[in-house]
Amino acid sequence: MSEHLNKKEIDQLMDLFNKIKLDLSDSSFPTRTNRLEAVENMKKVLKIHNYDITDRVPTEPTKFTDALDHHEIMQKGIVR
């Protein structure tokens, strides 16, 4: 695998890294929406580096909305 990136790829990576940081920068646990957005951007980073990424959706349906997800995390004492 060649590690030579062109200017367009470098610009894309910088944009993606900023988006990932923003999605995960919540002062408490990031929302499900933000976590999944960060994952999508991480997949784009890997594709730029020629990693083979499948776009399979998790088979288990999502059981929590953002608010309920955050509530569950708070209940378990993971985030205060």
A.B. asks: Does Arg35 reach the side chain of Asp23, with side-chain heavy atoms less than 4.5 Å apart?
C.D. replies: no

A.B. asks: To the closest 0.5 Å, what do you measure between OG (Ser25) and CG (Asn18)?
C.D. replies: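 The distance works out to 11.0 Å.
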
A.B. asks: Taking C-beta and beyond as the side chain, do Lys47 and Asp52 meet within less than 4.5 Å on heavy atoms?
C.D. replies: no

A.B. asks: Show the atom names and distances, to 0.1 Å, of all donor-acceptor pairs under 3.5 Å that link a side chain in residues 37-45 to residues at least two apart or in another chain.
C.D. replies:
| from | atom 1 | to | atom 2 | distance (Å) |
| --- | --- | --- | --- | --- |
| Glu40 | OE2 | Lys43 | NZ | 3.4 |
| Asn41 | ND2 | Glu37 | O | 3.4 |
| Lys43 | NZ | Asp55 | OD1 | 3.2 |

A.B. asks: Would a single hydrophobic cluster contain both Leu22 and Leu16, if residues Ile, Leu, Val, Met, Phe, Trp and Tyr are joined by side-chain heavy-atom contacts under 4.5 Å?
C.D. replies: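 No, no single cluster joins them.
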
A.B. asks: Could you pull out all residues at least two apart from Lys7 that satisfy side-chain contact (heavy atoms from CB on, under 4.5 Å)?
C.D. replies: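 side-chain contact (heavy atoms from CB on, under 4.5 Å) list for Lys7, sorted by chain: Asp11.
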
A.B. asks: Once rounded to the nearest 0.5 Å, what's the spacing between atom CD1 of Ile53 and atom CG of Leu46?
C.D. replies: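 If we round to the nearest 0.5 Å, Ile53:CD1 and Leu46:CG are 4.5 Å apart.
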
A.B. asks: Can a donor-acceptor pair be found, under 3.5 Å and without considering hydrogens, that links the side chain of Asn34 to the backbone of Pro30?
C.D. replies: no

A.B. asks: What's the shortest heavy-atom distance between Glu9 and His4, and which atoms?
C.D. replies: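 Reported closest heavy-atom pair: OE1-O, 4.1 Å.
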
A.B. asks: In Å, rounded to the nearest 0.5 Å, how long is the span from CG of Asp26 to OG1 of Thr31?
C.D. replies: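 One finds 7.0 Å between CG of Asp26 and OG1 of Thr31.
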
